[in-house]
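In what follows, residues are counted from 1 in the order of the sequence shown. It should be emphasised that the depicted structure is a prediction, and the values quoted were computed from it without experimental measurement. Only heavy atoms go into these numbers, but all of them, side chains included; no hydrogens, no water, no symmetry mates.
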Amino acid sequence: MKLKTFLFTLLFFSVNTILAQKPVVTHVVTHNRTTITCDATKGENPFPAWGVFPVENYPVRKITMHVTLGSPDYLNTAHWDYLDFITLRRKGGKNAKSLNYELGRMLTPYGSIFGKGWSWKWQVDVTDFAPFLHDSVEIEYNHSGYEDKKVGWALTIDFEILSGTPVVVPMGIVPLWNKGYKYGDPKEKIEDNLLPVNYESVHNSALNRIRIQHTGHGMDKPKGCSEFCKRWREIKFDGRTVDRRDMWKDCGNNPLYPQGGTWVYDRAYWCPGDLQQPDMIDVFAKPGRHDVSLQMEPYTATDNIQAVENISAYLFQYAAPKQKTDVAVEAIMVPSDEQRFFRLNPASYIPRIKFRNLGSDNLKNLTIVYGTEGFAKKVFKWKGDLPFNQVAEIALPGEIQEKDGLNTFSVSLTNPNGRKDAWVYDNDMKSTFTAPPKFATDFVLQLLTNNKPNDNSIFLVNTNLDTILKKVPQQLEANTLYTDTINLVPGRYSLSLIDTAGNGLEFWAEPQNGDGHLRIFDMKGNLIHAFESDCGNGEMFSFKAASDFVTDTTKPKHAFSLHPRSVIDNTTLSVVSNRAGNLIVQITVDGVIWQKHEYKDIKNALFQYDLSHMPAGRIVLEAFMDGKSLFKGRLNKSKRR
């Protein structure tokens, strides 16, 4: 008994010593540029690995799982958008029982146009699984699909663990629905399989958190379910609706673009090239008997019946949060060089941040101190009504000050509800950002519309949000070149291209829409910036206009256009540069070079290529200027009828 008391006292002292100290960030990397490929014979290929996580009683405040896919070292990058699962298989060693908890769900990008050295990083909060992420843990990445082993990905999974007082004390987990459920099948109705789950909550539990990952797949008739059909989902707790939403996602706004496939098409709650963020529904209830149910919108397919709703859902039980006031910075979205905020940056004004209320009291007010290091800080008084565990995304007033090159931006949250924060270590955050480029105050803006100008608008705006230039659909004609000379006063500006159809100025799968572009030239005709035409919902570009700025023409700038890209025989490559260079064009099928063309002293030129002798299917054209790969475009060749 004395020994047990001594050990308990030692454990209590050790844990509280850690809690009292400044938090520590630990990284556990289970997969480090692991080459993953498909197993076409099975349609899935698991890649398990063990990681050593903190010891059992180590206090965990937050766990973020970072997932990186890159081009593999010795293979070409994979092509298709497959559904992959990241699963916590076992805890405690090879002889431990199987847990099979889904931590994350990756929808791989269309990678055919990604070159060597490419990579992209995503992240998701997996703190709910903290009780199982201790000691030896087996993490499995299961890659689905049917591509051959000549293509793949370089996979890295990195768990970032922040020590500290848990926001709420975990008390148990209840698996809910975890498999693929047929949808629209008149012979196997989804409601007959998605049955309500009854459970007895743990004594002293108060918070019931439903965490759900859900994607739709298949292509039936008449609605194209479940990949391309919008349908609602409703979750009830003890008969009361606690969540109802349309299962649909806007893919034209994906920060990872362009991709070598139909990435712009909206889908059933997922997009190619995305680590899905789970839905989190918090319900406070007294301990006792409870039931949870999930209902899908009623639907019956008539042909090609294959739709599947792939669902992974758990209910986590927690004690009630003890702290009344507790707020945390979730993200600095603007300014930031993080890839997930690529569409929002660089930016010249209006910082954007996210913060989360972790206190039991609704967050009513907050003081935010922010600014670029090396410059005077600004103060913003936020007011609102934010419940527990909910996130607010806000825009902060003012310009974003910077020096040339890299900068550090900081945010600090103070005085939540006019009180002291219960845990101050997540009140501060810093981001690294690159200053927007500088331009001369006078330049030329060139817009070539495609065949659908009614989809497009352009706005040039200053820091006061005054519109300096706009082009709206009523002003635009199809397939027309518009050239405007812009004269600005020194200052910060943003130029935005908006596409309401979500398919940009050019999209390879829709050649009938034509090929447009938006480019900026200096007063001598040198290219200084080119918007990406395959941009989905559009693109934003910020810059600083300076009266004494002179364009450095020794730094190469290039713009490429390839059209049409759904072809039977011919396609045309357009090259626009600010200086002459040596151009090499390679045309490949599955990594094998079919054509290679070399050109000397190319600045502005058009090249036509005959593809009639090449096989039908995916073709990739890659352009190298002075030995550097600068453009990779996907074509799709059809057989002549």
Side-chain angles (χ1 to χ4, degrees), residues 83 85 87 99-105 125-126 128-129 168 170-218 220 223 225-227 229-249 267-270 276-301 305-320 387-390:
L83 170 62
F85 300 100
T87 306
L99 296 173
N100 296 332
Y101 296 145
E102 182 180 330
L103 299 180
R105 181 171 297 198
D125 190 323
V126 294
D128 290 317
F129 297 97
V168 282
M171 304 189 75
I173 181 173
V174 179
L176 298 176
W177 311 278
N178 289 278
K179 69 174 187 177
Y181 298 88
K182 291 183 179 181
Y183 183 57
D185 188 339
K187 296 180 180 180
E188 187 176 339
K189 295 182 179 181
I190 193 168
E191 57 265 30
D192 293 336
N193 291 315
L194 273 175
L195 299 175
V197 176
N198 296 282
Y199 72 99
E200 183 81 26
S201 61
V202 177
H203 179 64
N204 288 332
S205 66
L207 171 62
N208 302 267
R209 173 170 297 160
I210 302 167
R211 176 192 174 100
I212 180 167
Q213 310 250 196
H214 186 168
T215 51
H217 306 274
D220 69 11
K223 291 180 63 176
C225 289
S226 277
E227 183 169 347
C229 73
K230 183 185 294 186
R231 65 268 183 259
W232 54 257
R233 183 194 72 198
E234 184 175 77
I235 297 176
K236 292 184 177 181
F237 186 90
D238 290 345
R240 177 173 62 92
T241 299
V242 293
D243 185 74
R244 183 186 173 104
R245 65 185 69 202
D246 286 330
M247 304 300 291
W248 197 241
K249 187 164 184 177
R267 285 173 168 82
Y269 220 50
W270 63 273
Q276 188 190 53
Q277 301 300 305
D279 297 325
M280 312 283 277
I281 302 105
D282 283 355
V283 183
F284 286 91
K286 295 179 179 180
R289 199 83 192 158
H290 300 288
D291 65 83
V292 187
S293 63
L294 186 155
Q295 181 183 355
M296 295 297 301
E297 178 178 345
Y299 168 69
T300 302
I305 298 170
Q306 57 173 237
V308 172
E309 301 291 331
N310 203 305
I311 301 173
S312 172
Y314 306 94
L315 185 144
F316 294 89
Q317 300 179 69
Y318 293 98
F388 170 76
N389 204 42
Q390 296 303 298

Q: Any side-chain to backbone donor/acceptor pair from E309 onto H214? Under 3.5 Å, distance only.
A: no
Q: Drop me the distance from W177's CH2 to S312's OG, to the nearest 0.5 angstrom.
A: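 The OG atom of S312 is 11.5 Å from CH2 of W177, to the nearest 0.5 Å.
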Q: Report the C-alpha distance between T215 and R105 in whole Å, list the side-chain angles of each, state the deciding distance to 0.1 Å, and finish with yes or no for side chain to side chain donor-acceptor pair (under 3.5 Å).
A: CA-CA 9 Å; T215 51; R105 181 171 297 198; 2.9 Å; yes
Q: For G216, does its backbone N or O pair with a side-chain atom of W270 as donor and acceptor, under 3.5 Å?
A: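 Yes, the answer is positive, given that a donor and an acceptor are paired below the 3.5 Å cut-off.
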Q: Is there a side-chain contact between Q277 and D125 in this structure, where contact means two heavy atoms from C-beta onward sitting under 4.5 Å apart?
A: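 In short, these two side chains do not touch, never coming nearer than 4.5 Å.
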Q: Hey, could you give me the NZ/NZ distance between K230 and K223, rounded to the nearest 0.5 Å?
A: 10.0 Å
Q: Taking all non-hydrogen atoms of both residues, which atom of M171 and which atom of N204 are closest, and how far apart?
A: SD-O, 3.8 Å
Q: Determine the minimum heavy-atom distance between W248 and E227, stating which atoms define it.
A: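 In this case the closest contact between W248 and E227 is CZ3-O, 4.2 Å.
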Q: What distance do Q306 atom CD and S226 atom OG have between them, rounded to the nearest 0.5 Å?
A: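 It comes to 9.5 Å.
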Q: Around atom NZ of K189, are there more than 12 heavy atoms of other residues, nucleotides or ligands at under 6.0 Å?
A: no
Q: Test your reading of the model: is there a side-chain donor-acceptor pair from S201 to the backbone of G288, 3.5 Å cut-off?
A: yes
Q: D128 and Y318: side-chain donor and acceptor closer than 3.5 Å?
A: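 The answer is yes; a qualifying pair exists.
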Q: Do I311 and L194 make a side-chain contact, defined as non-hydrogen atoms from C-beta onward lying under 4.5 Å apart?
A: yes
Q: Could you check if a side-chain atom of I281 sits within less than 4.5 angstrom of a side-chain atom of I212, using non-hydrogen atoms only?
A: yes
Q: So if I apply the side chain to side chain contact (heavy atoms under 4.5 Å, CB included) rule between R209 and each of V283, N389, I173, which one comes out positive?
A: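 The residue from V283, N389, I173 that satisfies side chain to side chain contact (heavy atoms under 4.5 Å, CB included) with R209 turns out to be N389.
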Q: Whether the side chain of Q317 engages the backbone of P287 through a donor-acceptor N/O pair (distance < 3.5 Å, no angle test) should be reported.
A: no
Q: Evaluate F316 against L207 for side-chain contact (heavy atoms from CB on, under 4.5 Å), listing each step before the verdict.
A: CA-CA 8 Å; F316 294 89; L207 171 62; over 6 Å; no
Q: Between R211 and V126, is a side-chain contact (heavy atoms from CB on, under 4.5 Å) present by the stated rule, with each step listed?
A: CA-CA 10 Å; R211 176 192 174 100; V126 294; 4.0 Å; yes
Q: Do the rings of F129 and Y101 sit parallel, tilted or perpendicular, given the 30° and 60° boundaries?
A: tilted
Q: Given 3.5 Å as the limit, does a donor-acceptor pair link the side chain of D238 with the main chain of D291, or not?
A: yes
Q: Would you confirm whether D220, through its side chain, and C225, through its main-chain N or O, come within 3.5 Å as a donor-acceptor pair?
A: yes
Q: Which heavy atom in Q213 sits nearest to a heavy atom in L103, and how many Å separate them?
A: OE1-O, 3.9 Å
Q: Is the shortest heavy-atom distance from the side chain of L315 to the side chain of H290 under 4.5 Å?
A: no
Q: For the residue pair E102 / N178, report whether a side-chain donor-acceptor contact shorter than 3.5 Å exists.
A: no
Q: Any chance you could measure I190, atom CD1, to L195, atom CG, to the nearest 0.5 Å?
A: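 That separation rounds to 11.0 Å.
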Q: To the nearest 0.5 Å, what is the distance between CG (D246) and CZ (R233)?
A: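 Rounded to the nearest 0.5 Å, the CG-CZ separation comes to 11.0 Å.
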Q: What is the minimum heavy-atom distance between C229 and A268, and which atoms define it?
A: O-CB, 4.0 Å
Q: Within a strict 4.5 Å, meaning less than it, do heavy atoms of the I235 and I210 side chains meet?
A: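 Yes - at least one pair of side-chain heavy atoms lies under 4.5 Å apart.
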Q: The test is side chain to side chain donor-acceptor pair (under 3.5 Å); show your working for Y181 and D192 and say whether it passes.
A: CA-CA 10 Å; Y181 298 88; D192 293 336; over 6 Å; no
Q: Could you please spell out the steps behind the side chain to side chain donor-acceptor pair (under 3.5 Å) verdict for Y183 and R231?
A: CA-CA 11 Å; Y183 183 57; R231 65 268 183 259; 5.3 Å; no
Q: State, with a plain yes or no, whether a side-chain heavy atom of Y199 is found less than 4.5 Å away from one of N208.
A: yes
Q: Is there a side-chain contact between Q295 and W232 in this structure, where contact means two heavy atoms from C-beta onward sitting under 4.5 Å apart?
A: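 They are in side-chain contact.
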Q: Drop me the distance from S293's OG to E191's CD, to the nearest 0.5 angstrom.
A: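 One finds 12.5 Å between OG of S293 and CD of E191.
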Q: Passes side-chain contact (heavy atoms from CB on, under 4.5 Å), K182 versus N193? Steps please.
A: CA-CA 9 Å; K182 291 183 179 181; N193 291 315; 5.8 Å; no
Q: Let's go through I305 and K187 carefully: what are the C-alpha distance in whole Å and the side-chain angles of both, what is the deciding distance for side-chain contact (heavy atoms from CB on, under 4.5 Å) to 0.1 Å, and is it a yes or a no?
A: CA-CA 10 Å; I305 298 170; K187 296 180 180 180; over 6 Å; no
